[in-house]
Number of protein chains: 2
Amino acid sequence: MNVLKQKILQVSTDLFQTRGINSTGVDTIVAVAGTTKMTLYKYFETKEELVLAVLQQSHQDFQSWMNDKLGSLNGSPNERIQKLFDFIEEWVTSPSFTGIAFIKASAEFPNEENRIHQLSSQQSREFRQFITKLAQEANIKDAEGLALQLSILFEGAVQAEQIKRGSGAIKSAKKAAKTLIDIATKQS
Amino acid sequence: MNVLKQKILQVSTDLFQTRGINSTGVDTIVAVAGTTKMTLYKYFETKEELVLAVLQQSHQDFQSWMNDKLGSLNGSPNERIQKLFDFIEEWVTSPSFTGIAFIKASAEFPNEENRIHQLSSQQSREFRQFITKLAQEANIKDAEGLALQLSILFEGAVQAEQIKRGSGAIKSAKKAAKTLIDIATKQS
DNA sequence: TTGGGGCTATACAAAACGGTATACATTGCT
DNA sequence: AGCAATGTATACCGTTTTGTATAGCCCCAA
């Protein structure tokens, strides 16, 4: 991908997260990125398209990072789902963490007909399915049920952390997750 | 409170929830409320002030409703905290439910210096303290720890429901809550 | 009847918004 | 050398934004 296009994407991601999507004009984006609107609109047809691209990149970054982390474990499937929230904590407590894009975007575009909302919804579903797979591999009986619970913990903890950084929500969610995983495991 | 002021508040609440705050102009609000901008700006100095008023009213409505529900129980403190998520489910699955205001607002105004964000943060904290009190009355040892977990479940389930209505997140959160409450109770 | 308060109607201001048009500079390839 | 692609600079367009100014209407009370 072109270097300027990537720069625009990265700057947009940062600004959208820290100021909000609707509160960030394209003029601001190009000013921070050190380019002009003409260039931005060469790579992105509309602002909506830019937002969608930002969402996709953010989600892929997170998913890839998590996949790598879990993949490098070389442990049992049971161990992998146990470690899921340790990695989530690592991601969320990183200083560069500014929130999860699809959570904020879905709040800013609540209408279910809206493309941005739809993509957010899809990404939320994808991450839940990802957890479901982990649970299935760990031979958990009600894999979908556990995955839904864990995804709620994830989104709740992220939401809490977005509303107040350093709230300790992640640690708490991690503990709750371990409890729920233990119980679901015993039932299998 | 003046009837027109209340109408403006109610219409604003509805529009902010269904279209987003930044995507809703004051022109739209007064058009739907059947009044004019002059009247709106008579009761609310700025749009920000209106948003803050909407947040306050929404939060108070929810808290009052929940207090009434729990108060009418006449049961043991243990029973009350057990029923908390039943009432949350009742609130969230109501057809008129369009989300929790402070969750959406905090996403739309991510900057912690922003007054709207600060109020959202405060309301989130207030609700957590409310749960803490329930847990303390139920003689739960780590009341704050449990309350934090339950508030994460609450915010996560609401977030999930905002992203996709009828996702079943509330039912799942309710089950998880019962599990966590049981365990916290046994440890007391 | 004569005010005055609450509200409407409408026009306006100044800025910010997304997006486009045009002209020019730079760079690399052939 | 010459061409094409990439990017810059800048001016502009139409719309929408929050917020105000002005003038008039309606109704109730003294």
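Since the structure is predicted, the reported quantities are computational estimates derived from the model, not experimental observations. All chains are named by letter (A, B, ...) in the order of the sequence lines, taking the proteins before the strands, and each is independently numbered beginning at 1.
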Of the listed nucleotides (D/dA9, C/dG19, D/dT6), which one gets closest to any side-chain atom of A/K37? C/dG19

In terms of heavy-atom contacts, does CD of B/Q60 have more than 12 from other residues, nucleotides or ligands at under 6.0 Å? no

Side-chain N or O of B/T36 versus OP1/OP2 of C/dT10: is the shortest distance under 4.0 Å? no

Report which part of the nucleic acid B/F44 touches: base, sugar-phosphate, or nothing (heavy-atom distance under 4.0 Å, all strands). nothing

B/E161 side chain to B/G166 main-chain N or O, any donor-acceptor pair under 3.5 Å? yes

Exercise: do B/E112 and B/S121 side chains pair donor with acceptor under 3.5 Å: no

Protein-nucleotide distance (A/L40, atom CG; C/dT20, atom P), rounded to Å: 11 Å

Counting only side-chain heavy atoms from C-beta out, which of D/dT18, C/dG18, D/dA9 sits nearest to A/K47? C/dG18

What's the closest nucleotide to the A/M38 side chain, out of D/dA9, D/dG7, D/dA21? D/dA9

Once you apply a heavy-atom cut-off of 4.0 Å, does B/K42 come out as touching a base, just sugar-phosphate, or nothing? sugar-phosphate

Compare the minimum distances between each of C/dT10, D/dT18, C/dC7 and the side chain of B/Y43, then state the nucleotide with the smallest one. C/dC7

Treating A/Q159 as the side-chain partner and B/Q159 as the backbone partner, does any N or O pair qualify as donor plus acceptor under 3.5 Å? no

Would you say NZ of A/K164 has more than 12 non-hydrogen atoms from neighbouring residues, nucleotides or ligands within 6.0 angstrom? no

Taking only N and O in the side chain of A/Y41, is any of them less than 4.0 Å away from OP1 or OP2 of C/dA21? no

Under 3.5 Å donor-acceptor, B/T179 side chain and B/K175 backbone: yes

Under 4.0 Å from any atom of DNA chain D, heavy atoms only: list the residues of residues 4-35 of chain A that qualify, in numerical order. A/L4, A/G34, A/T35

